[in-house]
Amino acid sequence: MAHGKEVHLEDNIQIGEEAASFSKVALGVGGAALVAALALGGGPFGQQFQQSYIVAFMYVLALALGALWFVAIQHLTNAKWSVVVRRVAEFLAAQMPLVTGLAVLAILPMVTGHSDLYEWADSAKVQANHVLEHKAGYLNLKFFLIRCVVYFGFWTLLARHYLKQSLAQDSSGDASINKSLQAISAPGMILFALTLTFASIDFIMSIDPEFFSTIFGVYYFAGAVACGYSLISLALIWLQKKGRLAHAVNREHYHDLGKMMFAFGVVFWSYIAFSQFMLIWYGDIPEETHWFHVRFDGDWKVVSGALLACHFVIPFFGLLSRHVKRNRKTLAFWCFWLLAIEYLDLYWLVMPNVSEGVIPFHVVDLLALVGTVGLFLGSAANAAKGKNLVPTKDPRLADSLAFQNI
């Protein structure tokens, strides 16, 4: 090897049959669940399917964007500790073409005039509502579709470029690839922030077109990053159970991943959630306070309380200890916890707009979630099959292998 330190010879850094088996099961279950969701939800234009699917879609988008952000920030900061775990994130982020395909089911009802979620996509409703008419310069179907092309096109190109260049370095050992990836990560991070912000506004906040929040995008970002770190950690734990990366990834790396889960999934999310609520409460503007009023009314007040406890109080104390972060079993528990609570958070963002006072849980909610996540994970496992799970010729690999928390 021309650069860096060779991965331990006893390490198995490729996965074949296990990846193929997992991919087959995940894709099969995911595809079947999505078909069942369509059938039970009234098809792509059914009201139930649209409601359930937008939550599931924004959840799987958060998984992909969280992984993409992880890759971008590591290159931008020239991070050394994360080299041995970065490839897993690259495989996850590179599933953006699949996520783009899943977006079609969310967009199709709007294009065909059958949307039950987005009032601004119906010209008749826009003309009858002064607020919608005033916002029509931004909230109109043509401009929305253009933005979607920009969002998903940029995310796909960036994610695929990171993976392509990383895999190419495995063959060439060209250290200059790191510098080129760092160079594109600076403008890439700015565009990432803008596209994520506007996408969250378009797909979630605009369901209530009269509501507006200047930090809504940051709120969604906090959840997406928490999802990314949690999923990366679980993927690494699963790989080690299958006998891969036995020495390359150790408790030091899990410790740092756990710290980021704690930082973004607990502390940062709570800070943004409180800031958004406090500013709207203090401003006392009817168009804004109504959004919170429906979430503190009826059955939804229980969910609001559960979010406070399960997204902040309980995981704050659960993840605070360094011993929890350095133990794979306890870390895995909190990974599942944060992934589950993020889905609840997205459900809380969407469903009160369509069912005030009552939680409209339906089996289609679960089927849509299993369908989208199953397809996403199955596609990622298939992409990883037969490829190195570690960037073997990254010149920073030796530092990553020797990494220790102080």
Inset, instruction - Report the residues that fulfil salt bridge (Lys or Arg N to Asp or Glu O under 4.0 Å) with E342, sequence neighbours left out, ordered by chain and then residue number. - result: none

Legend entry - Side-chain donor/acceptor of H253 to backbone N/O of S400, under 3.5 Å: yes

Inset, instruction - Just jot down the salt bridge (Lys or Arg N to Asp or Glu O under 4.0 Å) partners of E252, sequence neighbours excluded, or say none. - result: R326

What side-chain donor-acceptor pairs closer than 3.5 Å can you find for residues 59-76, not counting sequence neighbours?
{"residue": "Y59", "atom": "OH", "partner": "L339", "partner atom": "O", "Å": "2.9"}
{"residue": "Q74", "atom": "OE1", "partner": "S82", "partner atom": "OG", "Å": "2.8"}
{"residue": "Q74", "atom": "NE2", "partner": "F70", "partner atom": "O", "Å": "3.4"}

Inset, instruction - Enter the distance from T330:OG1 to Y254:OH here, rounded to the nearest 0.5 Å. - result: 11.5 Å

Inset, instruction - Take the angle between the ring planes of F268 and F264 and call it parallel below 30°, perpendicular above 60°, tilted in between. - result: perpendicular

Inset, instruction - For residues P209 and Y118, determine if any side-chain heavy atom of one lies less than 4.5 Å from a side-chain heavy atom of the other. - result: no

Legend entry - Minimum side-chain heavy-atom gap Y347-F361 below 4.5 Å: yes

Legend entry - All pairs passing ring pair (Phe, Tyr, Trp, His ring centres under 6.0 Å) where residues 197-216 contributes a residue, at least two apart: F57-F203, F144-F203, F211-W291

Legend entry - Spacing of CD belonging to Q47 relative to NE2 belonging to H114, to within rounding of 0.5 Å: 13.5 Å

Inset, instruction - For the residue pair L145 and V149, establish whether any side-chain heavy-atom pair is separated by less than 4.5 Å. - result: no

Inset, instruction - List in chain and number order the residues that pass salt bridge (Lys or Arg N to Asp or Glu O under 4.0 Å) with E18, two or more places apart in sequence or in another chain; answer none if no residue qualifies. - result: R244

Inset, instruction - Please work out which of the three classes, parallel, tilted or perpendicular, describes the rings of F192 and F221, given edges at 30° and 60°. - result: perpendicular

Legend entry - All pairs passing ring pair (Phe, Tyr, Trp, His ring centres under 6.0 Å) where residues 368-399 contributes a residue, at least two apart: none

Inset, instruction - Mind jotting down which residue pairs meet the side chain to side chain donor-acceptor pair (under 3.5 Å) criterion with at least one end in residues 88-104? Sequence neighbours excluded, please. - result: R86-E90, R87-E90, E90-S166, Q95-S379

Inset, instruction - Determine which pairs satisfy ring pair (Phe, Tyr, Trp, His ring centres under 6.0 Å) with at least one residue from residues 82-113, sequence neighbours left out, and list them in order. - result: none

Inset, instruction - Rounded to the nearest 0.5 Å, what's the gap from CG on L346 to CE on M351? Could you check? - result: 10.5 Å

Legend entry - R147: salt bridge (Lys or Arg N to Asp or Glu O under 4.0 Å) partners, not counting sequence neighbours: D202

Inset, instruction - Can you sort out the partners of N178 under side chain to side chain donor-acceptor pair (under 3.5 Å), two or more places apart, ordered by chain and number? - result: Q169, D394

Inset, instruction - With sequence neighbours left out, write down each residue that passes ring pair (Phe, Tyr, Trp, His ring centres under 6.0 Å) with F317, or none if nothing qualifies. - result: none

Inset, instruction - Tell me, please, which residues at least two apart from H362 pass side-chain contact (heavy atoms from CB on, under 4.5 Å). - result: Q48, V364, D365

Legend entry - Rounded distance (nearest 0.5 Å) linking atom CG of L349 with atom CD1 of I204: 5.5 Å

